[in-house]
Amino acid sequence: MKKIALMGSTGSIGTQTLDVVRKYPEKLEIFALSVGSDIDLLYKQIKEFSPKVVGVANPQKAKQLQKKVDIEVLTGENMLEEIAGMEGYDTFVSATVGLTIIRATLEAIKNKKSVALANKETLVAAGEIVMREAKANGVQIMPIDSEHSALFQCLNGENKKNIKSLIVTCSGGALRDYTKEELKNVSIEDALGHKTWQMGKKITIDSATLMNKGFEVIEAMHLYDVSPKNIQVVIHKESIIHSMVEYCDNSIIAQISEPDMRLPIQYALSYPDRWEASIKRHNFNTSYTFKEPDLDRFPCLSYAFRAMEIGGTMPAVMNTANDVMVDKFLLGKCTYLDIPKIIKQVMDEHKAVINPTLDDIEKAINETTDKVEKLFE
Ligand code: MG
């Protein structure tokens, strides 16, 4: 029985993780759940999964929930870290956002727990630190993302020195076929109209700008310890081939399945074993297409490569500028094209700290947030 601490249990990845737990009651058990503020859904989850402890980031909501349940409801700034540092669980599932999840994930690693990672900031902002700690503590980081799970599967049993290229596939996002002119007048609804994957709003916008692919490329570099020049992106709008690895003999191995996040979630929890499917079987009565990404229309992807080459605090700064800008876009306070424009401007002005500590990274994040927020005052 694998005991799970699931951080971010009411989000898109969180609820799908619980789908997998529901399917395997004899293999998986919930030890802890945490949410930001959605205590109504958390209450239902407590009734169904009987966790030993829960965390609610919002202190008022935590108090309200505590009145209704017998188990301990943690809250406060260090809530996630507190849960991560507990005994009594095996796998830490990071499916929430924010800076505190990075500290909590590091705590879980020091606590020698397996980590199933869905949160992107962790490796984008602090990849060097997190991977160093994981290595030092002998902790396996299992990716919960279709692309990284695919790469993991394509790399299984291979010798890393034979890798020629990690080929990360990309749906192209909701605006894939928009011309440069059309991109000027993109509405929030246009950008949210992603067909293939059901995801949260933030990541759907990141898919539309290809920033999400940029994050994934940075994560792939850290997870699989390859240099940026050995990673490429290919547009594959069907989202059936989830990524590929090309080896020195020019052989390419691909991972194929229906687009459904429950597979990477399940694999992250079942590895090194495989369990009966939670998802539909693939039907080959379809076609697959591939195209180069257009960096002129979608420059965010090239910014990610640049951030990766520079390293240090630069990816964290890029990520933060994007966070704030996507927020503004969703609030109707800026245009779609302002997102890449401001990210570029902020990156141009940032002098990266190389080999940063977590404090350096936090400082860069806070400064970037202030800087971008000021543009809207
Ligand atoms: Mg993905």
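Side chains are part of it too, since the values below use all heavy atoms of this structure and drop only hydrogens, waters and symmetry mates.
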Out of curiosity, does [Y] fall in the hydrophobic cluster containing [X] (side-chain heavy atoms, cut-off under 4.5 Å, transitive links)?
{"X": "M318", "Y": "V353", "value": "no"}
{"X": "V97", "Y": "I361", "value": "no"}
{"X": "L155", "Y": "I256", "value": "no"}
{"X": "L65", "Y": "L41", "value": "no"}
{"X": "V217", "Y": "I205", "value": "yes"}

Exercise. Given the rule in the side chain to side chain contact (heavy atoms under 4.5 Å, CB included) test, do S34 and M7 qualify, once you have shown the distances and angles that lead to the verdict?
Worked result: CA-CA 5 Å; S34 89; M7 305 297 98; 3.5 Å; yes
Is [X] reaching over with its side chain to a backbone N or O of [Y], donor-acceptor style, under 3.5 angstrom?
{"X": "E362", "Y": "L358", "answer": "no"}
{"X": "D260", "Y": "K280", "answer": "no"}
{"X": "R262", "Y": "V20", "answer": "no"}
{"X": "E158", "Y": "I163", "answer": "no"}
{"X": "Q153", "Y": "H148", "answer": "no"}
{"X": "N230", "Y": "K164", "answer": "yes"}
{"X": "Q66", "Y": "V73", "answer": "yes"}
{"X": "D370", "Y": "E367", "answer": "no"}
{"X": "N58", "Y": "G36", "answer": "no"}
{"X": "H242", "Y": "S149", "answer": "no"}

Could you tell me which non-hydrogen atom of [X] sits nearest to which non-hydrogen atom of [Y], and how far apart they are?
{"X": "I102", "Y": "A125", "answer": "CD1-CB, 4.2 Å"}
{"X": "A150", "Y": "Q255", "answer": "CB-OE1, 3.3 Å"}
{"X": "G55", "Y": "L42", "answer": "O-CD2, 4.3 Å"}
{"X": "I46", "Y": "I71", "answer": "CG2-CD1, 4.0 Å"}
{"X": "E258", "Y": "I240", "answer": "OE2-CD1, 4.3 Å"}
{"X": "L269", "Y": "W275", "answer": "O-CH2, 3.8 Å"}

Using a strict 4.0 Å threshold on nitrogen-to-oxygen distance, state whether [X] and [Y] make a salt bridge.
{"X": "E373", "Y": "K328", "answer": "yes"}
{"X": "K23", "Y": "E276", "answer": "no"}
{"X": "E107", "Y": "R103", "answer": "no"}
{"X": "K180", "Y": "D296", "answer": "yes"}
{"X": "K333", "Y": "D327", "answer": "no"}
{"X": "E309", "Y": "R306", "answer": "no"}

Problem set entry | Residues which pass side chain to side chain contact (heavy atoms under 4.5 Å, CB included) with T169, listed by chain and number, not counting sequence neighbours |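 For T169 the side chain to side chain contact (heavy atoms under 4.5 Å, CB included) partners, ignoring immediate neighbours, are V234, H236, I241, S243, M244.
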Let me confirm one number: the [atom1]-[atom2] distance from [X] to [Y], rounded to the nearest 0.5 Å.
{"X": "E29", "Y": "M1", "atom1": "CD", "atom2": "CE", "result": "5.0 Å"}
{"X": "M221", "Y": "L123", "atom1": "CE", "atom2": "CG", "result": "9.5 Å"}
{"X": "I231", "Y": "I167", "atom1": "CD1", "atom2": "CD1", "result": "11.5 Å"}
{"X": "I343", "Y": "T368", "atom1": "CD1", "atom2": "OG1", "result": "11.5 Å"}
{"X": "I141", "Y": "E133", "atom1": "CD1", "atom2": "CD", "result": "10.0 Å"}

Just by distance, no angles: are the side chains of [X] and [Y] close enough, under 3.5 Å, to form a donor-acceptor pair?
{"X": "N319", "Y": "K120", "result": "no"}
{"X": "T357", "Y": "D360", "result": "yes"}
{"X": "N212", "Y": "E216", "result": "yes"}
{"X": "E238", "Y": "S287", "result": "no"}
{"X": "T335", "Y": "D338", "result": "yes"}
{"X": "S187", "Y": "D190", "result": "yes"}
{"X": "N137", "Y": "K110", "result": "no"}
{"X": "H350", "Y": "T313", "result": "yes"}

Problem set entry | Inter- and intrachain pairs under side-chain hydrogen bond (donor to acceptor under 3.5 Å, both in side chains), touching residues 71-88, at least two apart |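 Counting only pairs at least two positions apart or across chains, the side-chain hydrogen bond (donor to acceptor under 3.5 Å, both in side chains) contacts touching residues 71-88 are E87-K113.
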For this session: Anything under 30° is parallel, anything over 60° is perpendicular, the rest tilted; go ahead and classify Y89 against F92.
Result: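 Judged by the thresholds at 30° and 60°, the geometry between Y89 and F92 is tilted.
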Exercise. Within a strict 4.5 Å, meaning less than it, do heavy atoms of the V372 and T320 side chains meet?
Worked result: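 They are not in contact (no side-chain heavy atoms under 4.5 Å apart), so the answer is no.
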Exercise. Any side-chain heavy atom of L106 sitting closer than 4.5 Å to one from V130?
Worked result: yes
Exercise. Which residue pairs satisfy the salt bridge (Lys or Arg N to Asp or Glu O under 4.0 Å) criterion with at least one member in residues 38-66, sequence neighbours excluded?
Worked result: R22-E48
Exercise. Got more than 12 heavy atoms from elsewhere within 6.0 Å of NZ, K371?
Worked result: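 Atom NZ in K371 is crowded, with more than 12 foreign heavy atoms closer than 6.0 Å.
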